[in-house]
Amino acid sequence: MHVLVLNAGSATLKFQVVRTDAERIAANADDVLARGTIERIGGEAVITVRGPEGVASKRTAALRDMRAAVEWVVGWVTSGEAHTGLTSRADLHAVGHRVVHGGERFSRSVRVTPDVARAIEEMIEFAPLHNPHNLAGIQAAQRALGDGVPQVAVFDTAFHQTLAEHAFLYAIPYPLYRRHGVRRYGFHGTSHRSVAYRYRHLTGTERVDVRIITLHLGNGCSACAIVGGESIDTSMGFTPLEGLVMGTRSGDIDPAVLDYIATKEGLSLPQVEALLNSQSGLLGISGLTNDMRDLLAEAREHDDRRAKLAIRMFCWRARKYVGAYLAAMGGADAIVFAGGIGENAPEIRAEICDGMEWAGLVVDPSANDALTGGKAGRFSTDDSRLAAWVVPTDEELLIARDTCRVVGGT
Ligand code: ADP
């Protein structure tokens, strides 16, 4: 079947068309027929597309809202120009949507019914920056393709619904959890799951034997402790703000700081929260950029003190989480890196793994340096007790496969 995968953000829409079915999934032989990104929806949108040969081309189009953007995507992927082999809308058999928040209700991917759409809407108060746009993507696809084409929601939180109560609760009055759902939900679940799944196949490990720590290091960053193939703890919390140092997010912070900053700087609490979300992390410390590639260049070429400090804090926090999870899990078989930074920055991986010989991890520097640009592989020495891997994440493929399974009823 042909699955259209949509990841709708505030002014962006990422899409793929994937050909998949039970046989292709079993043989790991799904095909990506087209992919692209639309940015600056709401005005003169910038569209970057790739056909099956992977050649990128850019263009602009006036796309006033998500509905217009999804219409454009459906039109393009079924036009001859995209070379997908799809010639009409009827060739799109299902749509898989990335949905950020599924609360406690969704522990797996589900077909979107009016009831599910209502639940996604109800969870807007947990994820006001994401769920409204995910829902807009669903409604736009329903309009473009009609009710006959099944839509499936794949939730970022679902993979972490296996956390035990002692891991997901905050140590605040219990009624706040009962009354308002204040707890750790965790995010990036589709990525952690995708990485764990690929790791399993690369190493020939059974699902129940997977005991790893996955580090998704992109603009957003999170760690996940996976035991028996299931998430038992993760660093993002009630929102994606908690945990690791990220591009523009602070990660862990003493909550008493919020009111203190608000008073000292004359800001409201929502303004302080916005500051922690969008002015902090690598950007806040360096004062330069949230982009790790640029920070590494600054550190290398200009020996910039704050760029180096931001990098050091990023790695220090990640290493602390690895240590905490090793203790919580009673040891692991591997640390697995993914995301734009995890997949492309050997110097960051080396610094996070530095001094981990006590845990049985010894990095092979040349193997580490060779793993960039989407390559998967191990970069610890053969005799390391704790292995280190790079396993590129493929969230879109997982969304396509989940969609296929849900629609097929398997
Ligand atoms: P998102 O979380 O938005 O999906 P990505 O996973 O693409 O983002 O990660 C973006 C981050 O990856 C940026 O900080 C970027 O600088 C970093 N990155 C990408 N390529 C490299 C590279 N070659 N070296 C270092 N960092 C890189």
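Heavy-atom basis, side chains included; hydrogens, waters and symmetry copies ignored. Both ligands and their constituent atoms are indexed starting at 1 by order of listing.
- Between atom CG of residue Leu283 and atom CG of residue Asp294 there is a gap of 11.5 Å, rounded to the nearest 0.5 Å.
- Distances from atom 10 (C) of ligand 1 to the heavy atoms of Asn344, Asn290, Thr372, Asn219 put Asn219 nearest.
- Ion pairing between Arg24 and Asp31 holds under the 4.0 Å rule for side-chain N and carboxylate O.
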| ring pair (Phe, Tyr, Trp, His ring centres under 6.0 Å) between Tyr185 and His160: does it pass, once the steps are laid out? | CA-CA 7 Å; Tyr185 290 98; His160 304 301; over 10 Å; no

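- Interface atoms of ligand 1 facing Ala345, defined by a heavy-atom separation under 4.0 Å, are 25 (C).
- A distance-only check finds a donor-acceptor pair linking the side chain of Ser286 to the backbone of Leu282 [under 3.5 Å].
- The protein non-hydrogen atom at the shortest distance from atom 18 (N) of ligand 1 is Gly340 O, 3.6 Å.
- Checking Lys14, Arg35, Lys58 one by one against Thr48, the side-chain hydrogen bond (donor to acceptor under 3.5 Å, both in side chains) holds for a single residue, Lys58.
- Considering Leu295, Ile341, Thr12 only, the shortest heavy-atom separation from atom 11 (C) of ligand 1 involves Ile341.
- Of the candidates Arg293, His216, Met246, Met292, it is Arg293 that places a heavy atom closest to atom 20 (N) of ligand 1.
- Of the possible donor and acceptor atoms, one in the side chain of Ser380 sits under 3.5 Å from a partner among the backbone N and O of Ala388.
- Considering only non-hydrogen protein atoms, atom 4 (O) of ligand 1 sits nearest to Lys14 NZ, 4.5 Å.
- The protein heavy-atom contact nearest to atom 16 (O) of ligand 1 is Asp291 OD1, 2.4 Å.
- Using 4.0 Å as the threshold, Gly220 has a heavy atom nearer than that to some atom of ligand 1.
- Within a 4.0 Å radius of atom 14 (O) of ligand 1, the protein contributes at least one heavy atom.
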Side chain to side chain donor-acceptor pair (under 3.5 Å) for Ser222 and His216? Distances and angles first, verdict last. CA-CA 5 Å; Ser222 67; His216 177 106; over 6 Å; no

